[in-house]
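Right, one structure below, let's go through it.
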Amino acid sequence: MGKRKKKSCSVYILSCMLFLFCLVLIAIGFTGKSHAVISRFQEQFQKEEIPYQTTDEISREELDGKYYYQQLGADEKTVYREILQGVQENIEEIYVHASDAKKTNTLFQYVMKDYPEIFWCNGTTTSTVYKGEEGETYTVLEPVYLYDSERRKVMEQEIRDAAEQCIAEVQETAGDYEKILYVYEYIVNLVEYDQEASNNQNIYSVLVNHRSVCAGYSKATQYLLERMGVFCTYVTGKTTDGQSHAWNLVKCNGDYYYVDTTWGDPVFQESEGDSDSDQNHISYDYMCCDEEELFRTHIPDSDILFPSCTKMDYNYYVVNGMYYREYDSEEILKSMNETIWAGENPTVLKFSDHDVYAKAHDDIFQNLIKTAARNLADYYQMSEVKYQYLDDPDLNKITIYWRYR
């Protein structure tokens, strides 16, 4: 009996609720408020809105010196910022305001080129375009992350420590040229070129592991110079023999120059002559060069325009008196003798163009180098003289290494 009484009570309550609901519906019909009630009903059951990536953590000041970002239109900048913050937060699926997957992938690459410190992403992503129920088109990026947040923090600290150690050696009075030269030499002397190196597409391989390839060299150059207050961006393309390559664009005392730290490494030099001679010297052809010099061996990607680089004023060889715009045999011999008398190496003869180089070439190898070798023998009282040379017609340069024992 007790159970039946409880059941009857439940049925009664349910009946009352249905009756009240009917009264509400009747009231809606008379009051004209049905639209508001239905809207609230739809809001309660509709699907969640598209979870676009927020960009609250990114300041406009931070983006002022980012070259690729500054080349974009307003809508593209929005997508760029969404991608940037998503990658900085290790978001697995980044929702962005874009309807073109290919273009979105390009913007992702621009983020990677502007931010060398993003080492925890391997530089690849998949982009998928979707259409929402309201007809809105959006794209979801899925970057490939190398490290989780915990491991990333440890590695970031290692990078910061290495960078601070590097920068601490730069004098406070150093100008743009001195800073660029310092970073150029620092990386070349620190790093071994190694195609099998781990993390070789990011700055960790350079600053911590000290083994890398062109991507690592160039991103580390960018990272360090940006921290020193010098404009530097990352450039990709190919060499004239078809190999993928990366280098940098810098601004030195108001003018743009190209820098290729990788090709400053002695590993890329080939020599002739005495194989025992020391040729472990940095090459400075791409230490602040103009586009005419660079384009002899480098072909930039064409997806974005770069400013003209027409000056050689701060090229290393120009600054140090090793650059010749015309051929003067007496000046060339004087340069050789000064190197010999100082007991230094090497003698570098860099010519402004191929015509000047061709005019100098035969006289140097048939006459001047032999005269300088005799001067070496006399000055150091040597019975036999050995030397080694690099003859590079592509770069219009002759480099001579003298043996002093």
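Ring geometry for Tyr258 against Trp247 counts as perpendicular: the plane angle is over 60°, on a 0 to 90° scale with 30° as the lower cut. Using the six-membered ring where Trp is involved, Tyr257 and Tyr314 have ring planes that are perpendicular, over 60° apart on the 30 and 60° scheme. Relative orientation of the Tyr379 and Trp341 rings is tilted, given thresholds of 30° and 60° on the angle between their planes. The aromatic rings of Phe268 and Tyr193 sit perpendicular to each other, their planes meeting at more than 60°, with 30° as the lower class boundary. Taking the six-membered ring where the residue is Trp, Tyr138 and Tyr52 present perpendicular rings, their angle passing 60° and hence far from 30°.
Glu192 CD: 12 or fewer foreign heavy atoms inside a 6.0 Å radius. Surrounding CG of Asp328 are more than 12 heavy atoms belonging to other residues, nucleotides or ligands, all under 6.0 Å away. Atom CD of Glu326 sits in a sparse spot, with 12 or fewer heavy atoms from other residues, nucleotides or ligands closer than 6.0 Å. Around atom NZ of Lys153, no more than 12 heavy atoms belonging to other residues, nucleotides or ligands sit under 6.0 Å away. Within a 6.0 Å radius of CD in Gln165, other residues, nucleotides and ligands contribute 12 heavy atoms or fewer. By the neighbour-count criterion of 12 heavy atoms within 6.0 Å, atom CD of Glu134 is sparsely surrounded, having that number or fewer from other residues, nucleotides or ligands.
Checking each of Asp391, Asp392, Ile369 against Ile398 for a side-chain contact (heavy atoms from CB on, under 4.5 Å) leaves exactly one that passes, namely Asp391.
Here Asp285 pairs with Lys350 in a salt bridge; the nearest charged N to carboxylate O distance falls below 4.0 Å. Between Lys66 and Glu226, at least one side-chain N (NZ, or NE/NH1/NH2) sits under 4.0 Å from a carboxylate O, which counts as a salt bridge. For the pair Asp194 and Arg211, the salt-bridge criterion is met [side-chain N within less than 4.0 Å of a carboxylate O]. The pair Arg296-Glu293 meets the salt-bridge criterion, since a charged nitrogen lies less than 4.0 angstrom from a carboxylate oxygen.
Without hydrogens or angle criteria, Asp290 side chain to Met312 main chain gives no donor-acceptor distance under 3.5 Å. A donor-acceptor contact shorter than 3.5 Å links the side chain of Asn200 to the backbone of Ala197. Using a distance-only test at 3.5 Å, with no hydrogens or angles considered, a donor-acceptor pair links the side chain of Asn202 to the main chain of Tyr204. With hydrogens and angles disregarded, a donor-acceptor distance shorter than 3.5 Å links the side chain of Gln85 to the backbone of Asp56. With hydrogens and angles ignored, the 3.5 Å screen pairs no side-chain donor or acceptor of Gln71 with any backbone N or O of Tyr68. One N or O on the side chain of Thr139 and one on the backbone of Ala98 form a donor-acceptor pair closer than 3.5 Å. Of the possible polar contacts, none joining the Asn199 side chain to the Ser205 backbone as a donor-acceptor pair under 3.5 Å is found. Distance alone, capped at 3.5 Å, places no donor-acceptor pair between the Ser335 side chain and the Glu331 backbone. Using a distance-only test at 3.5 Å, with no hydrogens or angles considered, a donor-acceptor pair links the side chain of Trp120 to the main chain of Val87. Under the 3.5 Å distance criterion, the side-chain polar atoms of Lys397 are left unmatched by any main-chain donor or acceptor of Val348.
Side chains of Thr339 and Thr347: a donor-acceptor N/O pair is present below 3.5 angstrom, by distance only. For the 3.5 Å distance criterion, the side chains of Tyr110 and Asp303 qualify, holding a donor opposite an acceptor. Side chain to side chain, Tyr147 and Glu156 fail the donor-acceptor criterion of an N or O pair below 3.5 Å. A donor-acceptor contact closer than 3.5 angstrom is absent between the side chains of Asn320 and Tyr284.
No side-chain heavy atom of Pro116 sits under 4.5 Å from any side-chain heavy atom of Tyr234. Contact annotation: the side chain of Gln201 never approaches that of Asn122 to less than 4.5 Å [non-hydrogen atoms, C-beta and beyond]. Side-chain contact between Phe231 and Asp176: absent, with no pair of heavy atoms (C-beta onward) separated by less than 4.5 Å. The closest side-chain heavy-atom distance from Leu225 to Ile180 is below 4.5 Å. The shortest distance between side-chain heavy atoms of Met287 and Glu185 does not fall below 4.5 Å.
For Tyr389 and Phe365, the ring centers are positioned less than 6.0 Å apart. You'll find the ring centres of His298 and Tyr286 inside the 6.0 Å limit. Between Phe306 and Tyr67, the ring centre distance stays below 6.0 Å. The six-membered or imidazole ring of Tyr95 lies away from that of Tyr130, with a centre-to-centre distance of 6.0 Å or more.
For Lys77 and Tyr69, the positive end sits near the middle of the six-membered ring, less than 6.0 Å away and at most 45° from its axis.
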